[in-house]
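Any value given below was found using the heavy atoms of this structure, including those in side chains, with hydrogens, waters and symmetry copies removed.
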Amino acid sequence: MIRSIVTIWIIWLAVAAAYAQKSAPVAFEVASIKPVSQEDTYRLPADFYTYPGGRIKATNCTVKMLVREAYDVEMYQVTGGPPWTGDERYDVEAKPPSSSPSSHWIPASFKTPPNEEMRRMLQSLLADRFQLKLHRESKDESVYALVVAKGGPKLKDPKDKSTPPFVGFGRNGPVTAPATSLYFFGQNATMDVVALRLAQLLRRPVSNHTGISGNFDF
């Protein structure tokens, strides 16, 4: 592990009566936002999916999670805003108009990030439904580097190369109590994906310095 100083973007959230955009806004043709009950908040996974035709589906997501997708940043780069933007959960489904280029878009998998037009549509949706506004600023931060340990990587070839690259965190114990143990696992994952997921866990940028290419299970 090494540490250095880099400049990252920080997004500050606020709620106001209006939202101004420099470019002409684009919007989803149909959008549904539904609050998630407190019971389902603990029971359902929080995730964001994309589908052919530019359709998006977010499950059990906070407003800050939606900002992460809309502005292509990480959660540790989103700060400010009232407490409910990080506490209250929502299910969101939306699709673009047939006249938009995104209506012909086909993602590689349901975990493919939204394209730029879809991000702008999601930005418009957040501004319209949550009266959201924000600004960017830079900040110096310490970062981590992912490197190979002395014993080597000990990675296995993926069992299924058609599986979308995935790295997840797991825990044992009741969801309403502290975890009795934690685990970290990957399926058909690259080291870049591992570094990204570690950054989300550590809440700091993680740079892939392993020099390892290819996909692995671990």
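With hydrogens and angles disregarded, a donor-acceptor distance shorter than 3.5 Å links the side chain of Arg119 to the backbone of Glu69. Side chain of Asp217 to backbone of Lys159: a donor-acceptor contact under 3.5 angstrom is found. Judged purely by atom type and a 3.5 angstrom limit, Ser103 has no side-chain atom pairing as donor or acceptor with the backbone of Pro96. Judged by distance alone, with hydrogens and angles left aside, the side-chain atoms of Glu88 form no donor-acceptor pair with the main-chain N or O of Thr85 at under 3.5 Å. The main-chain N or O of Ala27 is never found under 3.5 Å from a side-chain atom of Ser124 such that the two would form a donor-acceptor pair. Put simply, the side chain of Glu93 never gets that close to the backbone of Ser32: no donor and acceptor are under 3.5 Å apart.
Under a hydrophobic-cluster definition in which Ile, Leu, Val, Met, Phe, Trp and Tyr are linked whenever side-chain heavy atoms come within less than 4.5 Å, directly or via other members, Val147 and Leu196 are assigned to different clusters. Val36 and Trp84 are not part of a single hydrophobic cluster, where members link through side-chain heavy atoms under 4.5 Å apart. If you chain together hydrophobic residues whose side chains sit under 4.5 Å apart, Phe185 and Phe216 never meet in one group. Follow the hydrophobic side-chain contacts under 4.5 Å out from Val63 and you reach Val73 in the same cluster. No continuous path of hydrophobic side-chain contacts links Phe166 to Leu155 [ILVMFWY only; heavy atoms under 4.5 Å].
For the pair Lys111 and Tyr49, the cation-pi criterion (under 6.0 Å, within 45° of the ring axis) is fulfilled.
Counting heavy atoms from C-beta on, the side chains of Leu198 and Tyr144 never come closer than 4.5 Å. Leu134 has its side chain within reach of Tyr71: a pair of non-hydrogen atoms, C-beta onward, lies under 4.5 Å apart. The shortest distance between side-chain heavy atoms of Val26 and Ser100 does not fall below 4.5 Å. The closest side-chain heavy-atom distance from Leu132 to Val67 is below 4.5 Å. Residues Thr50 and Trp105 have side chains in contact (heavy-atom distance under 4.5 Å, counting atoms from C-beta outward). You'll find the side chain of Leu125 reaches within 4.5 Å of the side chain of Val92, heavy atoms only. For the pair Asn215/Pro165, a side-chain contact is recorded, criterion being any heavy-atom separation below 4.5 Å from C-beta on. Contact annotation: the side chain of Phe218 approaches that of Val167 to within less than 4.5 Å [non-hydrogen atoms, C-beta and beyond].
Scanning both residues, Met65 and Asn60, for their nearest heavy atoms gives SD-O, 4.3 Å. Annotation for Ala46 and Arg89: closest pair CB-NH1, 3.6 Å, computed over non-hydrogen atoms. Residues Asn188 and Thr163 approach most closely at ND2-O, 2.6 Å, considering heavy atoms. What you find for His209 and Ala145 is that their closest heavy atoms are ND1-CB, 3.7 Å. Phe48 and Ala58 get closest at one heavy-atom pair: CD1-CB, 3.8 Å.
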Verify side chain to side chain contact (heavy atoms under 4.5 Å, CB included) between Ile56 and Met121, making sure each step is shown before the conclusion.
CA-CA 10 Å; Ile56 67 166; Met121 290 181 181; over 6 Å; no
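The distance from the OG atom of Ser207 to the CG atom of Asp192 is 9.0 Å, given to the nearest 0.5 Å. Within the model, atoms CD of Gln123 and CE of Met118 stand 12.5 Å from one another, a figure rounded to the nearest 0.5 Å. Note that the CE atom of Met75 and the OG1 atom of Thr62 stand 4.5 Å from one another [nearest 0.5 Å]. The distance from the CD atom of Gln131 to the NZ atom of Lys133 is 12.5 Å, given to the nearest 0.5 Å. Interatomic distance, Ile212 CD1 to Leu146 CG, rounded to the nearest 0.5 Å: 8.0 Å. Taken from CD1 in Ile33 to CZ in Phe130, the straight-line distance is 4.5 Å, to the nearest 0.5 Å.
Counted by atom type alone, Ser102 and Glu117 present one or more donor-acceptor pairs between their side chains at under 3.5 Å. With no hydrogens or angles considered, a side-chain donor-acceptor pair links Arg197 and Gln200 at under 3.5 Å.
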